[in-house]
Amino acid sequence: MTRPEVLGMRGVTLVLVVLLGLVHLELWFGRSGMPRVRELDHLVAEQHDRNTDARLRNERLTAEVADLRDGLETIEERARWEHGMIRPDELLVQYRHAATR
């Protein structure tokens, strides 16, 4: 090879190495690089946790709705607990703990 050909190939190699370096800089430090990927992974994990909590809450509510549809016992229990309702032949007794000193 002649001297100008070698210099031309070195120049092309140098340009390719610089371009590769620029691509890596963007990958590791750019707006859509690894820091952003880590941030998005963290956000996805948080959303997954919130979805799991919501799914559990929905399952509990679904079970409660099914109970309310199926029987009067649940309705009666709620009326007694939340509203203090009693039957005509019952006596309501409330017990309070004495304050400790």
_Would a single hydrophobic cluster contain both L22 and M34, if residues Ile, Leu, Val, Met, Phe, Trp and Tyr are joined by side-chain heavy-atom contacts under 4.5 Å?_
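Same cluster: M34 reaches L22 through Ile, Leu, Val, Met, Phe, Trp or Tyr contacts under 4.5 Å.
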Check side-chain contact (heavy atoms from CB on, under 4.5 Å) between [X] and all other residues, then give those that pass, not counting sequence neighbours.
{"X": "R60", "value": "L56, R57"}
{"X": "N51", "value": "Q47, R55"}
{"X": "E82", "value": "R78"}

_Distance, nearest 0.5 Å, that separates CE of M9 from CG of L14_ =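 If we round to the nearest 0.5 Å, M9:CE and L14:CG are 14.0 Å apart.
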_All side-chain hydrogen bond (donor to acceptor under 3.5 Å, both in side chains) counterparts of H48, not counting sequence neighbours_ =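 H48 satisfies side-chain hydrogen bond (donor to acceptor under 3.5 Å, both in side chains) with no residue once adjacent residues are dropped.
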*For E59, check side-chain hydrogen bond (donor to acceptor under 3.5 Å, both in side chains) against everything at least two apart and list the hits.*
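Once residues adjacent in sequence are excluded, E59 has no partner under the side-chain hydrogen bond (donor to acceptor under 3.5 Å, both in side chains) criterion.
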*How would you list all residue pairs meeting salt bridge (charged side-chain N to carboxylate O under 4.0 Å, His left out) that involve residues 44-53, not counting sequence neighbours?*
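Every candidate salt bridge (charged side-chain N to carboxylate O under 4.0 Å, His left out) pair involving residues 44-53 fails, so no pair, neighbours aside, qualifies.
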*With a cutoff of under 4.5 Å between side-chain heavy atoms, which Ile, Leu, Val, Met, Phe, Trp and Tyr residues group with L43?*
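Hydrophobic cluster check, L43: joined to L40.
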